4 protein chains.
Amino acid sequence: MHDAISKLAEVFVQFPGIGKRQAKRFVYFLLAQDASFREDLAKLIRELQNDIASCVQCHRFFVGRKTQSDVCDICSDPARDKTALMIVEKDVDLENIESSGAYNGRYFVLGGTVPVLDEAPEHRVRAKELQERIESDTPKEIILATSAHPEGENTAEYVRTLLAPFQEKHSFSLSLLGRGLSTGTELEYSDADTIKNAFENRSTT
Amino acid sequence: MHDAISKLAEVFVQFPGIGKRQAKRFVYFLLAQDASFREDLAKLIRELQNDIASCVQCHRFFVGRKTQSDVCDICSDPARDKTALMIVEKDVDLENIESSGAYNGRYFVLGGTVPVLDEAPEHRVRAKELQERIESDTPKEIILATSAHPEGENTAEYVRTLLAPFQEKHSFSLSLLGRGLSTGTELEYSDADTIKNAFENRSTT
Amino acid sequence: MHDAISKLAEVFVQFPGIGKRQAKRFVYFLLAQDASFREDLAKLIRELQNDIASCVQCHRFFVGRKTQSDVCDICSDPARDKTALMIVEKDVDLENIESSGAYNGRYFVLGGTVPVLDEAPEHRVRAKELQERIESDTPKEIILATSAHPEGENTAEYVRTLLAPFQEKHSFSLSLLGRGLSTGTELEYSDADTIKNAFENRSTT
Amino acid sequence: MHDAISKLAEVFVQFPGIGKRQAKRFVYFLLAQDASFREDLAKLIRELQNDIASCVQCHRFFVGRKTQSDVCDICSDPARDKTALMIVEKDVDLENIESSGAYNGRYFVLGGTVPVLDEAPEHRVRAKELQERIESDTPKEIILATSAHPEGENTAEYVRTLLAPFQEKHSFSLSLLGRGLSTGTELEYSDADTIKNAFENRSTT
């Protein structure tokens, strides 16, 4: 079938985490709404590119066009610690870290991860842009904030090789988010690596 | 925040089964696509109302405008058994029954369900439209195809009261989808109602 | 390790649904109890064979030694319908059917199921015992109460071949538990077989 | 029913993580085994107390009677670091930490946890025994290895109050297992506390 219902469902099925059945439900949900609901949604989707820009410094998406700026509110915030740069995989990671209130420095969004044994990692993440950022920004500390699974560790490893040529020149420190017990972890069910890391990173109180 | 990202996420969060976090992921997914992807999606959503109509007979959504007809392909199919009418809750139920190949009659889509103890059931489902359909269509058999949970059973009960005034006049039979063991059911884990129904509806072979 | 903790855990791991870790937890749970708790448990396990017998008619386990009888309370109950015999896979199925109150006839416990393509089905279920029961009991109706998945259907199929030689001679009817919507089933998520069965077994009301 | 099947099921239902239905399945599983299987199991349960003792130093269960010792193999192992004492909630935690190979010191098993707002924490854990152990053992470092959820944190807090009177006298350091990203943690789905801890405990590489 190549009618309007099927065509729209075929687009929704490309959304992250959406299967064929839920894609269909989305279409029927839209059909059951007022025409104005669909008009508003279509307008918001179409105009996304008008309002949202990619920050030239950290590469996160932000409400840039409106503010006539190509630098996002975090990168241009004078209250932010300019000496710290945290490297994250994607925009939602950055948002989650921001809402935790844990960090007051600046960011760089890689825009992807590097799978283990990948042969062209430079096409997976913003490699050149990161190196340019380091050259222009000269941070004192760079924090690798990748996820704690093999693809995340491999991404961190690749970023280290990207930064190596600059470390001597700019003498920044390079750190990795601490490994240990995350909230809710029970020792009975922890894997050996988590226990090892939690023991090595134990904190005197 | 009332920027374009938040506004769009607030619409996605109204989609069936979508939470705040996944709504945000949808927005970032769209931002990471080409502008043409977003243009196409917006167009499909906006034009849904141009192509799709609600069938005046069964009330399902169908590709109506194109065919210059206000009756859907199932209702207008001469090969369909006109003497049987299956009443379903919603479009996706109809689709799933169609793809099972079990049924060759016609349908009526209620467009909702009646919660237990609801005081205005006539606003929950297409009550008047169903009665009009029975009057004009005079089927010989009506099959209630609601779900096998309390809200579905209550909906079936309400539809029975809607049909009662017509049953004597038009003398149709009224049936309910069979209750019993659905595929995968194990007797060890079955509830008492399922066992009772499966025993009462046992079939001699 | 072949100490008492490991040895006991190795027995618990053979229990249905118990993994290595939970088996260990069982042992530590037992160690943390009073000695009298362990004594009582050991006694109950050891004496199981003193109190419980397998009914010579239906082969379910029952409190037989105490009652000095080799026929269980269901098989010997005069209020039970002697003309109906329900064939179940295992004791817990029988218990669940009993607690539903749906059935008042007698039972036969197969003691297993026949996997699809199994080459020696006669070693999987009580084949000879079932045939003897039919010969001596001459029921008027036999109900196959196997589970609604491939192994259950295959078991039912095998039982049919066991019963075939006797059907002409004793002229009993042979029925299968009804297939259809089990409690909680939604039409949107039903598989094609369930819909087909529910449609074919629809009941006029 | 107070027959042997029900009585045994009532004991199994007290096992950790076992519901009524699975308890019944255990009984039927035992009935379906050879008498020798049940005999062996009963013997292992009854003799658990003969072979297993609680170590007078760390209070873990161990194969003590056989070795004619009241001190377990870990506490009596000369290759173990006597200056470090790790305090764990229960035996399975200790086992899991041992199998990780992360730690080479000695242990103390609390034998329980202290729920938040509990009014008699001294009855929940081996409070007096812990204090005696510290007095006699004078470790240089004590590591709190409780779980990373509210009850675990509260238990750690209570243990701190137990140790406080001894800390000045014996001048040991008191540490807590490191908090951060456990294996598999994704930043997108991390809670604020995990992110804060991971950031604070970041390690320079």
Side-chain angles (χ1 to χ4, degrees), chain A residues 84 86 88-105 141-153 156-157 160 172-205, chain D residues 84 86 88-105 141-153 156-157 160 172-205:
Chain A
M86 185 180 277
V88 298
E89 294 169 1
K90 52 192 189 298
D91 285 82
V92 276
D93 294 356
L94 185 156
E95 280 209 19
N96 201 22
I97 293 166
E98 276 298 285
S99 67
S100 79
Y103 175 68
N104 192 38
E141 181 182 4
I142 296 180
I143 304 122
L144 292 173
T146 51
S147 288
H149 49 47
E151 188 157 331
E153 307 290 9
E157 200 47 53
R160 272 198 197 92
F172 50 80
S173 73
L174 186 56
S175 62
L176 187 71
L177 287 189
R179 265 56 177 162
L181 308 185
S182 59
T183 307
T185 302
E186 298 191 46
L187 281 158
E188 181 179 351
Y189 300 109
S190 298
D191 62 303
D193 279 340
T194 296
I195 292 176
K196 270 178 210 165
N197 290 328
F199 179 66
E200 278 162 23
N201 301 333
R202 67 191 181 280
S203 58
T204 310
T205 53
Chain D
M86 184 179 278
V88 298
E89 294 169 1
K90 52 194 188 298
D91 285 82
V92 276
D93 294 357
L94 185 157
E95 279 207 21
N96 200 23
I97 293 165
E98 276 297 285
S99 67
S100 79
Y103 175 69
N104 192 38
E141 180 181 5
I142 296 180
I143 304 121
L144 293 173
T146 52
S147 288
H149 50 46
E151 188 156 331
E153 306 289 9
E157 199 48 52
R160 272 198 197 93
F172 49 80
S173 72
L174 187 55
S175 62
L176 187 71
L177 287 189
R179 265 57 177 160
L181 307 185
S182 59
T183 306
T185 302
E186 297 191 48
L187 283 158
E188 179 178 353
Y189 300 109
S190 298
D191 63 303
D193 278 341
T194 296
I195 291 175
K196 269 179 210 165
N197 290 328
F199 179 66
E200 279 163 23
N201 301 332
R202 68 192 181 278
S203 58
T204 311
T205 53

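Since we're looking at a predicted model, the values are computed, not measured. Labels below follow one simple rule: chain letters A, B, ... track the order of the sequence lines, proteins then strands, and each chain is numbered from 1.
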Whether Y103(A) side chain and F199(D) backbone form a donor-acceptor pair below 3.5 Å:
no
Contact leader toward chain A among T185(D), T194(D), V88(D), L187(D), where contacts are heavy-atom pairs under 4.5 Å
L187(D)
Can you name the nearest heavy-atom pair linking S182(A) to A148(D), along with the distance?
O-CB, 3.6 Å
Minimal heavy-atom distance between M86(D) and A145(D), with the atoms involved, is CG-CB, 3.7 Å
Atom of S100(A), atom of K196(D) and distance for their closest heavy-atom approach
O-CE, 3.1 Å
Given the options T146(A), T183(A), N197(A), D93(A), which has more heavy-atom pairs under 4.5 Å with chain D than any of the others?
T183(A)
Between E200(A), K90(A), E89(A), E141(A), who has the most heavy-atom pairs with chain D when the cutoff is under 4.5 Å?
E141(A)
Looking at I97(A), I142(A), D193(A), which makes the most heavy-atom pairs under 4.5 Å with chain D?
I97(A)
Which residue out of N201(A), V92(A), L177(A) racks up the most heavy-atom pairs below 4.5 Å with chain D?
L177(A)
Determine whether R160(D) and L176(D) make a side-chain contact, defined as any pair of heavy atoms from C-beta on separated by less than 4.5 Å.
yes
Heavy-atom proximity to chain D below 4.5 Å, by part of I143(A):
side chain
